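First up is the structure itself, then whatever we jot down about it.
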4 protein chains.
Amino acid sequence: MKTKIKEIIESTETGQGKIFTYTVQFLIVVSLITFSISTLPNLSESTIRILLIIEIITVALFTLEYIARVVVADNKPGFIISFYGVIDLIAILPFYLSLGIDLRAVRIFRLLRLFRILKLIRYSKAINRFYKAFIIAKEELVLFTFASLILLYLSAVGIYYFENAAQPEQFKSVFHSLWWSVATLTTVGYGDIYPITAGGRIFTFCILMIGLGVVAVPTGLIASALSQARTEETKEN
Amino acid sequence: MKTKIKEIIESTETGQGKIFTYTVQFLIVVSLITFSISTLPNLSESTIRILLIIEIITVALFTLEYIARVVVADNKPGFIISFYGVIDLIAILPFYLSLGIDLRAVRIFRLLRLFRILKLIRYSKAINRFYKAFIIAKEELVLFTFASLILLYLSAVGIYYFENAAQPEQFKSVFHSLWWSVATLTTVGYGDIYPITAGGRIFTFCILMIGLGVVAVPTGLIASALSQARTEETKEN
Amino acid sequence: MKTKIKEIIESTETGQGKIFTYTVQFLIVVSLITFSISTLPNLSESTIRILLIIEIITVALFTLEYIARVVVADNKPGFIISFYGVIDLIAILPFYLSLGIDLRAVRIFRLLRLFRILKLIRYSKAINRFYKAFIIAKEELVLFTFASLILLYLSAVGIYYFENAAQPEQFKSVFHSLWWSVATLTTVGYGDIYPITAGGRIFTFCILMIGLGVVAVPTGLIASALSQARTEETKEN
Amino acid sequence: MKTKIKEIIESTETGQGKIFTYTVQFLIVVSLITFSISTLPNLSESTIRILLIIEIITVALFTLEYIARVVVADNKPGFIISFYGVIDLIAILPFYLSLGIDLRAVRIFRLLRLFRILKLIRYSKAINRFYKAFIIAKEELVLFTFASLILLYLSAVGIYYFENAAQPEQFKSVFHSLWWSVATLTTVGYGDIYPITAGGRIFTFCILMIGLGVVAVPTGLIASALSQARTEETKEN
């Protein structure tokens with residue numbers, strides 16, 4: 001019988017294995033929606049009660065899943081300290097801990113339930129190719145992340161010197177200017193902070209001409225590395 | 001004579017076939033412009049009458065086209081239940097349905113006329129290469145769409161915890177924060193909602209550094225897959 | 001002597017030829033800056049006089065250049081009706097036309113002077129590779145431009161139905177909604193118009209997930225086509 | 001003993017060399033954070049004193065490093081006039097200069113301390129590949145930078161003619177319109193300036209359709225050139 005359960009839990013190719021996998025994924029999504037609803041202000045008492053009931057059911061089912069996984073594992077301690085083993089435990093632990101502790105502290109532990117979302121990754125096969133692409137482009141990604149950070153800092157210092165006198169409230173310090181750098185070089189541009197002096201605007205133009213070719217490059221790198229990883233896979237088969 | 005009409009309707013290489021194709025495309029564009037104008041507020045009665053006349057003429061011509069297509073089809077039931085057969089029918093049906101029903105309900109059915117735009121695709125040959133590219137990059141597109149959804153959710157939860165206390169009206173719940181996630185990670189940045197706390201801003205920076213490399217990658221994937229599809233086509237010829 | 005002038009004007013490899021080329025480019029830039037300054041409000045009379053003098057000098061020099069080009073051309077009528085011949089003429093004509101006509105009408109003709117900027121392209125060699133890349137990716141570019149237009153229209157109609165009731169002033173008609181579509185799908189996001197209803201926001205999310213992979217793809221296509229054009233060039237040499 | 005110090009300073013592969021390298025990098029980051037904090041308004045006197053002490057310590061250590069580098073260099077004058085030699089000197093010089101001069105002037109010299117950030121590049125190996133990629137795509141990068149500048153100018157003139165009458169304060173001159181061009185074509189879209197007339201909005205749409213395929217292409221070019229540089233490196237090994 002243990003072999004049967006093992007097959008259902010660990011295989012995603014048999015009919016029963018698929019049903020099990022999709023059920024767990026469905027429960028994770030239910031759990032996340034429940035969590036999201038619980039953040040809404042002015043919830044009625046009946047809604048809070050329903051959310052609590054769903055919470056208890058999902059945690060109970062996750063607990064059963066965790067116990068089943070431990071039981072069927074060939075190497076029990078190995079599973080418990082494995083990446084997925086720890087995530088499975090962290091996903092249910094906060095609920096049990098909150099039963100014993102003061103209600104205030106619970107809110108902080110509830111955040112840990114978010115780790116459940118990582119359980120979704122468990123079932124994704126395609127993640128392997130992404131990992132390969134990451135290895136291929138690793139060096140350039142590190143270099144460009146590093147170059148982006150330097151550029152963000154330099155542009156923050158630059159705009160601080162141009163705009164500080166004209167807008168002392170908006171560009172109060174280099175730290176406030178950094179927020180402008182982030183919003184501008186990623187082209188988000190919320191519009192809460194922007195240069196108004198001629199010098200600041202010319203500086204923004206120059207920094208954008210250089211910056212777009214630095215901050216946006218990693219995206220292109222990942223895309224081309226993924227193509228390469230795919231080509232290599234095709235050749236192997 | 002049926003062979004003659006069949007040639008005109010189904011071939012886009014003869015002179016008459018081209019005229020037919022362009023006439024239908026012109027009618028679709030006229031139909032869409034008419035629809036757009038009808039949404040303008042405070043239209044004069046004469047304008048409404050002209051729009052109605054154009055509507056009747058275009059629907060009449062689309063009806064004739066549909067009947068002609070059914071008549072010349074080798075496999076009549078096959079055409080009627082085919083993708084383009086259904087679209088052609090849906091494009092004219094709402095007009096006839098609206099004649100029999102109450103005026104209020106008509107507005108909803110009018111939306112269906114938008115399917116006419118899909119008729120434009122019928123005449124595009126290049127769509128095939130795009131389809132191939134989609135097949136090539138399918139797995140990665142699914143993975144990145146999935147990763148984008150998880151990232152959007154996690155960033156919404158994160159910003160909720162950082163900003164909820166400082167801006168309870170803007171970041172009311174995880175659902176309101178999700179709107180921020182969408183506007184930020186796609187770099188649209190309307191500016192209706194943005195972080196103001198130091199923690200929220202540092203979090204935004206971190207999530208953008210990771211997020212841009214996830215949300216924008218699919219675009220690069222499609223572009224490189226299209227290049228690959230083109231190279232393969234060239235080799236075949 | 002005609003051969004000498006011909007060499008100076010048409011060759012960019014000799015020392016004198018380079019000086020000539022750079023002088024013309026410098027004059028074009030001067031002419032554009034003069035034009036830009038003349039749009040500033042509240043200019044003093046002395047500034048207007050200086051601008052007029054610079055204008056007369058540059059036009060005189062451009063006229064001399066045009067005459068010289070006609071004189072040295074082997075095929076005179078051929079040069080006059082060529083692309084660059086017409087641009088060279090259009091760049092100076094408005095000035096002479098404005099001498100004979102009423103002052104009001106002049107403002108419209110002044111716009112034509114902008115064509116002078118196209119003279120800068122004359123001296124660029126690298127433009128050829130870009131042209132090749134455009135030929136390589138032409139079909140996909142047409143398809144994606146077409147798909148972008150359809151998507152822009154559909155998203156405008158969609159948001160109109162979601163937001164019209166809630167914001168009748170902002171989303172007045174499909175035409176007003178089109179402005180939102182343009183600002184959103186290009187991720188510019190000025191923030192002058194954005195959805196506020198839950199339905200409109202979910203619709204925006206969906207349309208962005210699809211739209212970014214359509215509107216931004218042409219950029220990737222041009223980049224990869226340019227790489228291909230470069231590789232082909234390297235092979236040929 | 002000189003050989004020993006030389007090994008520590010110039011090698012990054014031995015244990016002691018790594019410790020030295022990381023210590024210098026740590027000092028640079030400390031120095032930048034100190035500088036950023038000193039821009040905050042309303043600092044208490046004790047904070048200013050602590051910042052000054054950290055400043056003195058870091059400059060002293062940078063001075064020691066500079067002297068050590070000069071001493072161990074095989075070609076002393078060669079090191080002093082080399083790129084890194086000059087940066088190392090510029091990074092410490094402002095502090096010593098500020099001791100002898102009036103306090104007001106110091107603020108300007110402090111900016112030069114920012115060059116210290118360039119010392120971080122000294123220790124990066126991966127920068128070589130980026131340099132190769134830059135050489136590969138150099139011609140296209142120049143062409144697209146040039147095309148972007150022309151497009152920015154033309155779109156500024158265009159929007160000026162469409163919007164000047166409707167928004168004389170926002171689109172005051174071609175220079176003010178240029179700011180709009182920069183914010184729009186880079187898709188930053190702060191929202192401080194945007195078209196409101198139908199003509200201006202249609203113009204914006206057209207310019208964005210062309211412009212995105214010009215301004216954003218360099219990013220794709222760098223990404224694909226980096227892939228090429230990597231492939232060439234792999235072949236060589």
Side-chain angles (χ1 to χ4, degrees), chain A residues 136-144 146-147 149-150 153-154 156-158 160-161 164 168-169 171-178 183-196 198 201-202 204-206 208-209 211-225 227-228, chain D residues 29 32-33 35-43 107-108 111 113-114 117-118 120-121 124-130 133-134 141 144-145 148-149 152 175-176 178-179 181-193 215-216 218-231 234:
Chain A
I136 292 173
K138 199 182 128 192
E139 276 176 62
E140 281 97 337
L141 286 176
V142 169
L143 176 63
F144 271 89
F146 196 72
L149 291 175
I150 291 182
Y153 184 75
L154 286 182
V157 173
Y160 171 76
Y161 272 93
N164 179 248
E169 268 314 298
F171 294 89
K172 220 182 256 179
S173 72
V174 168
F175 297 107
H176 291 80
S177 302
L178 259 171
T184 300
L185 283 171
T186 57
T187 78
V188 171
Y190 288 122
D192 55 338
I193 181 166
Y194 50 82
I196 55 165
R201 286 174 173 190
I202 291 164
T204 305
F205 166 65
C206 297
L208 273 169
M209 287 298 272
L212 294 183
V214 173
V215 177
V217 161
T219 307
L221 286 173
I222 295 170
S224 70
S227 301
Q228 204 183 318
Chain D
V29 172
L32 293 174
I33 292 169
F35 170 75
S36 303
I37 291 169
S38 73
T39 66
L40 280 168
N42 311 321
L43 287 175
R107 260 194 95 79
I108 300 151
L111 253 178
R113 285 192 296 177
L114 273 172
I117 213 173
L118 291 172
L120 285 173
I121 299 170
S124 167
K125 280 183 200 167
I127 212 120
N128 194 36
R129 195 179 291 166
F130 178 66
F134 190 75
L141 286 175
F144 271 89
T145 307
S148 297
L149 291 176
L152 281 168
F175 297 106
H176 290 80
L178 260 171
W179 172 240
S181 299
V182 170
T184 301
L185 282 172
T186 57
T187 77
V188 172
Y190 287 122
D192 54 338
I193 181 167
V215 176
T219 306
L221 286 174
I222 294 170
S224 69
L226 271 166
S227 301
Q228 205 183 316
R230 194 172 48 220
T231 313
T234 319

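Only a predicted model underlies this, so the values are computations on that prediction, with no experimental measurement involved. Order of the sequence lines sets the chain letters (A, B, ...), proteins ahead of strands, with each chain counted from 1.
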TODO: Hey, could you give me the CD1/CG distance between D/Ile222 and A/Leu221, rounded to the nearest 0.5 Å?
DONE: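 D/Ile222 CD1 to A/Leu221 CG: 9.5 Å, rounded to 0.5 Å.
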Open item on the list: Using every non-hydrogen atom in the two residues, find where D/Val182 and A/Phe205 come nearest and quote the distance to one decimal.
Closed with: CG2-CD1, 3.5 Å
Task: side chain to side chain donor-acceptor pair (under 3.5 Å) partners for A/Tyr194, two or more places apart - done: none
Open item on the list: Hydrogens and angles aside, do A/Thr187 and D/Thr186 bring a side-chain donor and acceptor to less than 3.5 Å of each other?
Closed with: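 No, no side-chain donor-acceptor pair sits under 3.5 Å.
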- [ ] Can you tell which part of D/Ser181 gets under 4.5 Å to a heavy atom of chain A, answering side chain, backbone, both or neither?
- [x] neither
Task: Portion of D/Ile37 that has a non-hydrogen atom of chain A nearer than 4.5 angstrom - done: both
Structural part of [X] lying under 4.5 Å from a heavy atom of chain D:
X: A/Thr204; answer: side chain
X: A/Tyr190; answer: backbone
X: A/Ala137; answer: both
X: A/Leu212; answer: both
X: A/Pro195; answer: both

- [ ] Check whether any side-chain N or O of D/Thr39 sits under 3.5 Å from a backbone N or O of A/Val174 as a donor-acceptor pair, and report yes or no.
- [x]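 It does hold such a pair.
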Open item on the list: What I'd like to find out is whether the side chain of D/Ser148 reaches to under 4.5 Å of the side chain of A/Met209, using heavy atoms alone.
Closed with: yes
- [ ] Decide yes or no for D/Phe175 and A/Ile202: does some side-chain heavy atom of the first lie under 4.5 Å from some side-chain heavy atom of the second?
- [x] no
Open item on the list: At a heavy-atom distance under 4.5 Å, which candidate from A/Gly191, A/Ala156, A/Pro168, A/Ala147 has the highest pair count against chain D?
Closed with: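 Ranked by heavy-atom pairs under 4.5 Å with chain D, first place is A/Gly191.
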